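To start, the structure itself, in C-alpha cells.
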Amino acid sequence: MKIKFQRLSFLVFFICLITSCNAPKKTEISEVKVYNFDQLEPQLYTESSNVTIVNFWAMWCAPCVKELPYLQQYANENTDVELLLVSLDFPKDIDTQLKPFLIENNISANVVLLDDPDSNTWIDKIDPNWSGSIPFTIIYNNEKRLFYERAFENINDLENEIYQNFN
C-alpha cells in the first residue's frame, strides 16, 4: 500500500511538473509610466516612415478590451510597427488592477497611463473631431496621420486600414 501511494504521489508530481513546463508563459509588465498630456504629446508624433499605432483605452471599456488582442497581434507580427497603449484608468489601480489585467491578457506592448484631468484641452489637441469616447486610435507615420473613433472588429479590419493607407 505504501509503495502504491509513493508511486501515485510521484506520478502526480511528475504530471504537475510536465504541465507547468508546457504552460504558456505570462507576459511580464515591468513598469507603467504615468504621464500628463505634456509628457505624452511628443510620443504622438514621429519622424519615421514606420507606422506607429497609439490606442486610447481603459479596462472598463468593453470594446477597448475586445480590440486589444488585435492590436497586440498586429504589433507582434509587424516588428517595424510601434504600438503604444494609453490607458485612461486610475493611477491608484496600476499595481492592483492594470498590471494583472495586462498579464492575464498577454499584452506586452508599451503601456502608459494618462493622468491629466484637463481632457477638454488635450482631446482637442489630439484631434478636434474626437468626441472623447474610447477606444480611440491614431495610426501615423511621418507623412500621414489617421484617427479612428471606433474599435477594430478583428485583426483583418486593422490590417486593411493600415495596408490601404500606408502602403
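Atoms considered below: every heavy atom in the structure, side chains included; atoms not considered: hydrogens, waters and symmetry mates. Predicted model, so just to flag it, every value in this text is computed and none were measured.
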Checklist entry - Any side-chain heavy atom of Leu102 sitting closer than 4.5 Å to one from Val111? => result yes
Next on the checklist: Closer than 3.5 angstrom, by distance alone: can the side chain of Glu67 be matched with the main-chain N or O of Cys64 as a donor-acceptor pair?
Outcome noted: no
Checklist entry - Which heavy-atom pair separates Leu71 from Leu83 by the least distance, and what is that distance? => result O-CD2, 3.5 Å
Next on the checklist: Quick check for you: to the nearest 0.5 Å, what is the distance between Glu153 atom CD and Lys66 atom NZ?
Outcome noted: 5.0 Å
Item to check | Distance-minimising heavy-atom pair for Asn165 and Tyr148 | outcome: ND2-OH, 3.7 Å
Next on the checklist: Quick check against the 3.5 Å criterion: does Asp93 have a side-chain atom that pairs as donor or acceptor with the backbone of Thr96?
Outcome noted: no
Next on the checklist: Against Leu84, only a single residue in Val54, Ile138, Thr52 fulfils side-chain contact (heavy atoms from CB on, under 4.5 Å); can you say which?
Outcome noted: Val54
Checklist entry - Do you reckon Leu85 sits in the same ILVMFWY cluster as Ile155, going by side-chain contacts under 4.5 Å, direct or chained? => result yes
Next on the checklist: Quick one, Glu143 with Ser49, criterion side-chain hydrogen bond (donor to acceptor under 3.5 Å, both in side chains). Give me CA distance, side-chain angles, the key distance, then yes/no.
Outcome noted: CA-CA 7 Å; Glu143 295 179 6; Ser49 61; over 6 Å; no
Checklist entry - Would a 4.5 Å heavy-atom cut-off, applied to side chains only, mark Phe166 and Ile139 as touching? => result yes
Checklist entry - What is the distance from atom CG of Leu158 to atom CZ of Phe152, rounded to the nearest 0.5 Å? => result 5.0 Å
Next on the checklist: The test is side chain to side chain contact (heavy atoms under 4.5 Å, CB included); show your working for Gln39 and Lys33 and say whether it passes.
Outcome noted: CA-CA 10 Å; Gln39 294 168 311; Lys33 293 181 180 176; over 6 Å; no
Item to check | Minimum heavy-atom distance between Ile134 and Cys61, given as atom pair plus value | outcome: O-SG, 3.6 Å
Item to check | Side chain proximity check, Leu68 to Asn105, heavy atoms < 4.5 angstrom | outcome: no
Item to check | ILVMFWY cluster, Val81 and Leu146 together (side-chain gap under 4.5 Å) | outcome: yes
Next on the checklist: Tell me the closest heavy-atom pair linking Asn154 and Asp157, and the distance in Å.
Outcome noted: OD1-N, 2.7 Å
Checklist entry - With a 4.5 Å limit on heavy-atom distance, are the side chains of Trp122 and Leu114 in contact? => result yes
Checklist entry - Do you know which two heavy atoms are closest between Ser108 and Gln72, and how far apart they sit? => result N-OE1, 2.9 Å
Next on the checklist: Please say yes or no: joined through hydrophobic side-chain contacts below 4.5 Å, possibly via intermediate residues, are Leu88 and Ile94 part of one cluster?
Outcome noted: no
Next on the checklist: Is the positively charged end of Arg150 above the ring of Phe136, judged by distance under 6.0 angstrom from the centroid and angle within 45° of the axis?
Outcome noted: no
Item to check | Short side-chain to backbone donor-acceptor contact, Asn78 and Asp80, under 3.5 Å | outcome: no
Next on the checklist: Can you confirm whether or not the ring centre of Tyr70 sits under 6.0 Å from the ring centre of Tyr74?
Outcome noted: no
Item to check | Side-chain heavy atoms of Ser87 within contact of Trp57, under 4.5 Å | outcome: yes
Item to check | Taking every non-hydrogen atom, the tightest pair across Asn110 and Gln43 | outcome: ND2-OE1, 4.4 Å
Checklist outcome for this item: To the nearest 0.5 Å, atom CG of Asp115 lies from atom CG of Asp89 at 11.0 Å
Checklist outcome for this item: CZ (Phe101) and CH2 (Trp60) are apart, to the nearest 0.5 Å, by 12.5 Å
Checklist outcome for this item: Distance col, row Lys125:NZ vs Thr121:OG1, nearest 0.5 angstrom, shows 6.5 Å
Item to check | Any Ile53 side-chain heavy atom under 4.5 Å of Ile162 side chain | outcome: yes
Checklist entry - Would you say Val34 and Val112 are hydrophobically clustered, going by side-chain heavy atoms of ILVMFWY under 4.5 Å? => result no
Item to check | Tyr45-Phe37 co-clustered via ILVMFWY side chain contacts under 4.5 Å | outcome: yes
Item to check | Gln73 side, atom CD; Asn106 side, atom CG - distance, nearest 0.5 Å | outcome: 12.5 Å
Item to check | Leu98 and Leu113, any side-chain heavy atoms less than 4.5 Å apart | outcome: yes
Checklist entry - Just checking, is any N or O donor in the side chain of Asn55 or Thr137 under 3.5 Å from an acceptor N or O on the other one? => result yes
Next on the checklist: Looking at Ser131, is its backbone amide N or carbonyl O close enough to the side chain of Glu149 to form a donor-acceptor pair, meaning the two atoms are under 3.5 Å apart?
Outcome noted: yes
Item to check | Thr46 backbone acceptor or donor facing Asn142 side chain under 3.5 Å | outcome: no
Next on the checklist: Is the shortest side-chain heavy-atom distance between Phe147 and Arg145 below 4.5 Å?
Outcome noted: yes
